[in-house]
Every structure is written in C-alpha cells, then in structure tokens.
There are 2 protein chains.
Amino acid sequence: MLKLSKKAEYALMAAKYMALKNHSGFSTAKEISESYQIPYQLVAKVLQNLVKSDIAISAKGVNGGFSLSRKANTISLIDIIRAVETDFKIVDCMQVNSSSADCVHFDCCKIKDPLAEVQRKIDKVFTETTIAQIL
Amino acid sequence: MLKLSKKAEYALMAAKYMALKNHSGFSTAKEISESYQIPYQLVAKVLQNLVKSDIAISAKGVNGGFSLSRKANTISLIDIIRAVETDFKIVDCMQVNSSSADCVHFDCCKIKDPLAEVQRKIDKVFTETTIAQIL
DNA sequence: TACATAAAGGACTGATTTAGTCTGGTATTA
DNA sequence: TAATACCAGACTAAATCAGTCCTTTATGTA
Ligand code: FES
Ligand code: FES
C-alpha cells in the first residue's frame with residue numbers, strides 16, 4: 001500500500017511543531033498531543049524514538065520536554081522516518097537482514113535488482129526533503 | 001512501512017514474465033505460478049486485475065492464458081501497481097475519497113501540503129519506470 | 001524533604017490489513 | 001462432452017498497526 005505509518009506521520013508533525021517553536025525552549029509531549037490532536041502516549045513514544053536517534057533532546061521534570069537537537073534544515077524526512085519505522089524498503093528481500101535463503105523467489109524473480117534502483121530514487125526523495133521544507 | 005504489497009510484487013513478476021515471452025502467445029496463470037513459485041490463486045487474481053485495467057488481455061479455454069496488451073516499454077510500474085493496489089498515497093488524507101471532515105488534524109497539522117510534493121515525486125519514479133526496464 | 005511534573009519503557013489489547021485458500025461458475029477448444 | 005483455463009466472490013488465518021495502561025526514573029520547586 002506504500003503508506004507511511006501513523007507513527008511516521010506523528011513524528012513529522014511533532015518535528016514540525018518543535019521546529020516552529022525551537023527558539024523558545026522545550027515542547028512537552030502533552031503540549032504537542034493537544035495542539036495536534038494526537039494521542040498523548042503515542043506522540044510521547046514517538047518523541048522518545050526521536051531522542052534515541054539523536055534527532056531530538058529531552059529534559060525530564062518541570063519545565064522539561066523535547067527540542068530538536070539541530071537545525072531543521074539539517075534534518076531530513078528519512079531521518080525522522082527511520083527513527084520510528086522498522087522497515088523502509090518497498091520489498092521484503094531488500095531488508096538488510098534478509099539473505100537469499102529467506103526468499104523463495106530468489107533464483108527466479110530477478111525483480112529485486114531493478115527495484116533496488118527504484119528504492120534508491122525513493123530514498124533520495126526522503127533524504128533531500130528536510131523538516132525546514134515542511135514548515 | 002512504505003512497502004509494496006505481495007500482490008503488487010507478484011503483479012510485477014507476472015508482467016515481467018509475460019513481457020519476456022510475449023512473442024510466443026499466451027502465458028497461463030499456472031505456468032507463471034510454477035515458474036516463479038507464487039501461489040496459483042493469488043497470481044490468477046492479480047492477472048485478472050491486470051486484465052481489468054487493460055494492461056493484459058486474456059483468453060479462456062485450452063491454449064488460453066494471459067498476454068500483455070501493449071509493448072513493455074509503454075507500461076509503467078504505476079500502471080501495474082494501481083491495477084492491484086487500492087491505495088497509493090503515503091498518508092490517508094491524500095486519498096481521493098477523503099474529505100477534510102475525515103481528518104481530525106486537518107486544521108492543525110499542515111503537513112499534508114508539503115507531503116503532497118513528496119507524493120508527487122514518488123509517483124514520478126513509478127511513472128517513469130517501465131516494465132521494459134525491469135526485464 | 002515532599003511534591004508535582006514530565007520523560008522512559010514495557011506489556012498488553014483491539015482493530016485493521018494482508019496473504020492466502022476455497023468454492024462454484026463461465027467460456028473455449030479439441 | 002470432457003478438459004482446460006479464466007472469472008468472481010466469500011472466507012480464514014496470520015501479521016501488523018494503533019492505541020492504552022501502568023510502573024519507574026529524573027528534575028525542578030515550594
Ligand atoms: S522477490 Fe526476493 S529476490 Fe526477488
Ligand atoms: S493529517 Fe490530514 S490534513 Fe494533515
């Protein structure tokens with residue numbers, strides 16, 4: 001279906017929110033959740049993912065929250081998506097951890113290599129677009 | 001997850017199979033199923049979808065089967081994928097049948113329009129690549 | 001110190017989607 | 001008339017996704 005997950009969508013929205021108010025300190029998960037009508041627990045989890053991938057930094061306690069770790073124009077969409085999404089390949093056998101043994105079609109389909117080029121182009125689109133461009 | 005469905009994958013494989021032997025008459029669903037180790041019923045269904053979308057033609061009865069309706073270099077990947085896949089949009093609210101009322105984020109997220117540009121670029125990749133290029 | 005705030009993290013459930021199967025039908029040819 | 005092969009739709013099981021709940025940890029403030 002070639003659709004982004006809700007997590008990816010929420011991650012982009014959260015990143016956008018933080019980028020917009022980055023000058024003025026931290027944004028809390030609650031704040032983002034309410035502003036954009038995203039379930040709190042979900043956006044909290046997504047924000048944690050962004051921290052793990054060093055896209056955002058976090059601060060606990062009162063006045064804490066999240067903030068982008070670098071300028072919006074240096075964060076690409078693929079950074080965000082990879083932070084929350086496990087797979088980002090259009091066909092299974094392109095996954096990094098999949099070997100030829102995993103794929104029954106390996107010796108016959110021969111569709112993998114041409115599609116790899118398609119994959120490369122799609123990655124390029126998400127790599128070239130930054131958070132700054134979706135503000 | 002941004003992954004193509006198995007149906008799409010099988011459709012591409014089937015299209016490739018037909019393109020390769022297009023000169024010599026019809027290919028049956030059984031033949032393709034066995035050559036590429038795809039479940040018969042599934043590839044049959046996929047082939048029927050291709051017929052509905054005028055990408056392939058079919059002939060019933062003995063010596064019948066499927067054949068591409070036009071030259072491989074005039075059939076783009078997006079033609080194939082659209083024939084078997086219901087949605088082809090990276091976020092829900094881009095679907096043609098979705099109105100602003102469907103999306104709780106409509107008045108706030110503002111992520112839709114920038115992503116539409118991303119969608120356009122992805123469509124371009126699949127539109128520009130033809131079956132002839134995956135042979 | 002006590003308390004309120006807010007992130008971290010894991011387990012769990014319900015809903016949706018996907019992949020695959022089964023069954024019965026229709027058209028064509030030998 | 002029998003074999004072949006497409007057509008069509010219902011159905012099931014497995015996988016994935018979205019969302020919730022709950023407990024813990026860290027930090028600033030009264
Ligand atoms: S589908 Fe896996 S190698 Fe082609
Ligand atoms: S998510 Fe639907 S309009 Fe933004």
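So that the names make sense, note that chain A is the first sequence line, chain B the second, and so on, each numbered from 1.
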(request) Treating Ile, Leu, Val, Met, Phe, Trp and Tyr as nodes and any side-chain heavy-atom pair under 4.5 angstrom as an edge, say whether B/Leu115 and A/Leu20 lie in one connected cluster. (result) yes
N/O contacts under 3.5 Å, protein versus nucleotides 23-30 of chain C?
| unit_1 | atom_1 | unit_2 | atom_2 | d |
| --- | --- | --- | --- | --- |
| C/dA27 | O4' | B/Lys60 | NZ | 3.3 |

(request) Could I get the full list of side-chain contact (heavy atoms from CB on, under 4.5 Å) partners for A/Gln133, not counting sequence neighbours? (result) A/Thr129, A/Thr130
(request) Measure from CD on A/Glu31 to C1' on C/dT5 and round the result to the nearest Å. (result) 14 Å
(message) Any base atoms under 4.0 Å from A/Ala29, or only sugar-phosphate, or nothing? Heavy atoms, all strands.
(response) sugar-phosphate
(message) Main chain of A/Gln119, side chain of A/Lys89: is a donor-acceptor contact present, judged purely on distance under 3.5 Å?
(response) no
(request) Could you check how far CG of A/Asn49 sits from P of C/dA8, rounded to whole Å? (result) 10 Å
(request) Mind checking ring pair (Phe, Tyr, Trp, His ring centres under 6.0 Å) for A/Phe26 and listing every partner two or more places apart, or none if nothing turns up? (result) none
(request) Kindly say whether B/Leu4 contributes a backbone atom to a donor-acceptor pair with the side chain of B/Glu9 at under 3.5 angstrom? (result) no
(message) Per the side-chain hydrogen bond (donor to acceptor under 3.5 Å, both in side chains) rule, what does the pair list look like for residues 46-72 of chain A, sequence neighbours excluded?
(response) A/Asn22-A/Ser67, A/Arg70-A/Thr74, A/Arg70-A/Asp79
Atom pairs under 3.5 Å, N or O on each side, protein against nucleotides 13-20 of chain C: can you list them with distances?
| unit_1 | atom_1 | unit_2 | atom_2 | d |
| --- | --- | --- | --- | --- |
| C/dA19 | OP1 | B/Lys6 | N | 2.7 |
| C/dA19 | OP2 | B/Lys6 | N | 3.3 |
| C/dG20 | OP2 | B/Tyr10 | OH | 3.0 |

(message) Working to the nearest 0.5 angstrom, can you tell me the gap between B/Ile122 CD1 and A/Ile122 CD1?
(response) 5.5 Å
(request) Walking along DNA chain D from 5' to 3', note the first and the last nucleotide with an atom under 4.0 Å from a heavy atom of chain A, and give both. (result) D/dA18 to D/dT29
